[in-house]
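Here the structure is laid out as structure tokens; the discussion comes afterwards.
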Amino acid sequence: MHADLPRPDADALRHSDTLAAHIRAEILQGGGTIPFSRFMELCLYAPGLGYYSAGSTKFGGAGDFTTAPETGRLFAATVAGVLAETLRQLDGRARVLEIGGGSGAFAEVALKRLLQLDALPDRYAILEPSADLRQRQRERLERSLIPPVFELVEWLDRPFEDEWDGVLFANEVVDALPTPRFTVRHDEVLEEHVALDGNGDFVRVDRPADVLLTAAVRHVERHLETPLADGYRSELLPQLPYWLQAVAGGLRSGAMLWFDYGHPRREYYQRQRGDGTLRAFYRQRMHEDVLRWPGLQDLTASVDFTALAEAGTGAGFDLAGYCSQASFLLGNGIDRLLAEAEARTDEAGALRLRQELKRLTLPEQMGERFQAMAFSRDVDLGAAFLLGDLTWRL
């Protein structure tokens, strides 16, 4: 199975075996099963062992996947232009809060661009749970930013606890939230758990869902105006509204800007997508064996953008816009930034820039698979979503 996947080296396999033993112990302590969401949480975030907590390379060609900021400078520079306009509207001591800073690539380019635009925030905070990634981000930003700009950057263990004005930015964060998996059988909602077979290997089993997950599935069915088919299996984040309110904290005035891959609800829960969107990424390969090699591969599920819209408006923000990543970038001047960058480089550099633009905007690459959604309070982001509005699909 999965003969095309490169085999991890001996040290990586020992690391995975250590995490697997930890998960097995928790399964036995839990009466023989744990919810899949807990399995995913341990695989990704177990201290010192989880995928995002350990020291292997995650991002870019040498890692397991490539995010938009890792493709080059165009994505972050374009988004920074929107951040600048929003920060200017706040006309005061505004902050930027980035959720999950990745390699630090976005923060580096965004802060340099905000400096050029004379729109630096009072503080640039990165909420990053991984100590390893924090260290990598710190080293990168200290190396690449001038001292007065680097001094604006701080790392948080938890969201801002005071009231604040500014912008929350998150790229490919919601897809990495540990997600419950459910199935509908004979009109009963069941939750997917992980158990052990006779050989001690991880297997999936179903157990009756709790009240919160059951209510969330019924809410989806009411929105779809039809019951989900018997045997239908997918993912759902009933905790999303609470999580969003927690990370926004005391955001008083400003905006939240989210980029991720996913679908509006009616497309997310299409009949033909009867086993959900859950998958694993390992060494630039996507596959479906999510129980394999705990701690060595990224686990992810697509985002229900209708649910994200409900969470944001439920937190008291206005839905400022929703469109494809391509529409957002093209509508906010990425072609102009491309032309400026091409004028400062040679032909080989210009070719790399054009390839970067294609990767970010072509429908078969990131352009349509990824979407942008924003929420606002006391600021106007309407101009950022003039091209390709998709709110009617929510």
Side-chain angles (χ1 to χ4, degrees), residues 66-87 89 96 98-100 106 109-110 113 167-175 223 237 240 244 248 254-270 277 300-315 317-338 356-394:
T66 301
T67 65
E70 304 294 332
T71 63
R73 305 179 66 83
L74 293 176
F75 175 84
T78 305
V79 173
V82 178
L83 300 186
E85 289 301 317
T86 307
L87 293 170
Q89 291 182 53
V96 173
E98 183 180 356
I99 309 296
F106 179 85
V109 177
R113 182 62 177 161
V167 183
L168 181 155
F169 169 79
N171 181 68
E172 291 195 53
V173 171
V174 178
D175 67 85
H223 186 271
L237 283 168
L240 182 59
L244 185 145
M256 298 187 288
L257 181 57
W258 308 84
F259 288 85
D260 225 313
Y261 47 85
H263 317 275
R265 181 169 290 152
R266 292 187 183 277
E267 297 175 22
Y268 194 107
Y269 296 106
Q270 287 179 344
T277 68
T300 179
S302 296
V303 175
D304 174 358
F305 274 93
T306 303
L308 184 58
E310 292 172 344
T313 56
F317 291 83
D318 296 323
L319 178 62
Y322 169 55
C323 67
S324 70
Q325 177 174 290
S327 293
F328 184 92
L329 295 175
L330 293 169
N332 287 285
I334 194 172
D335 50 348
R336 175 175 48 79
L337 290 174
L338 171 68
E356 180 184 340
L357 179 68
K358 289 179 180 179
R359 186 165 191 178
L360 290 169
T361 60
L362 286 180
E364 64 272 18
Q365 298 203 38
M366 289 183 171
E368 299 297 329
R369 293 190 299 110
F370 285 77
Q371 278 117 58
M373 178 173 281
F375 303 93
S376 62
R377 182 186 287 157
D378 301 327
V379 295
D380 183 7
L381 266 70
F385 288 87
L386 288 177
L387 184 65
D389 174 66
L390 295 176
T391 54
W392 58 273
R393 290 170 59 186
L394 296 171

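Rounding to the nearest 0.5 Å places OG of Ser327 at 6.0 Å from CD of Glu368. One distance of note links OG1 of Thr78 with CG of Asn332; it measures 7.5 Å at 0.5 Å rounding. Here Leu83 contributes atom CG and Leu257 contributes atom CG; the two are 6.5 Å apart, rounded to the nearest 0.5 Å. Note that the CG atom of Leu330 and the CG atom of Leu360 stand 9.5 Å from one another [nearest 0.5 Å]. With rounding to the nearest 0.5 Å, the separation of OG in Ser376 from CD in Gln89 is 9.0 Å. Between the CD1 atom in Ile99 and the CG atom in Leu168 there is a gap of 4.5 Å [rounded to 0.5 Å].
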- [ ] Show your working on side-chain contact (heavy atoms from CB on, under 4.5 Å) between Leu329 and Leu357 and close with a plain yes or no.
- [x] CA-CA 9 Å; Leu329 295 175; Leu357 179 68; over 6 Å; no
- [ ] Could you go through the side-chain contact (heavy atoms from CB on, under 4.5 Å) check for Phe375 and Asp318 one step at a time?
- [x] CA-CA 5 Å; Phe375 303 93; Asp318 296 323; over 6 Å; no
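At a threshold of 4.5 Å between non-hydrogen side-chain atoms, the residues Asn171 and Pro69 count as touching. No side-chain heavy atom of Asp304 sits less than 4.5 Å from a side-chain heavy atom of Leu237. Side-chain contact check for Leu308 versus Leu244: some heavy-atom pair is nearer than 4.5 Å. Arg393 places a side-chain heavy atom less than 4.5 Å from the side chain of Glu267. Between Leu394 and Met373 there is a side-chain heavy-atom pair separated by less than 4.5 Å. Side-chain contact between Val109 and Val79 is absent, with no heavy-atom pair separated by less than 4.5 Å.
Annotation for Ala384 and Val82: closest pair CB-CG1, 4.0 Å, computed over non-hydrogen atoms. Heavy atoms only, all atoms of each residue included: Arg113 and Ala77 are closest at CG-O, 3.7 Å. Among all heavy-atom pairs drawn from Cys323 and Leu387, the shortest one is CB-O, 4.0 Å. Considering every non-hydrogen atom in both Ala68 and Gln325, the closest pair reads CB-OE1, 4.2 Å. Between Ala326 and Thr361, the shortest heavy-atom contact is CB-O, 3.3 Å. Shortest non-hydrogen contact noted between Arg266 and His223 is NH2-O, 2.8 Å.
Ring geometry, Phe328 versus Phe259: the interplanar angle exceeds 60°, so the pair is classed perpendicular (tilted spans 30 to 60°).
For Arg369 and Tyr261, the positive end is not near the middle of the six-membered ring at less than 6.0 Å and at most 45° from its axis.
Judged by distance alone, the side chains of Tyr268 and Thr277 do bring a donor and an acceptor atom under 3.5 Å apart. Using modelled atom types, one finds a donor on one side chain and an acceptor on the other under 3.5 Å when comparing Asp175 with Thr300.
Glu172 places no side-chain N or O within donor-acceptor distance of the main-chain N or O of Thr67, the cut-off being under 3.5 Å. Between the Asp260 side chain and the Val174 main chain, a donor and an acceptor come within less than 3.5 Å of each other.
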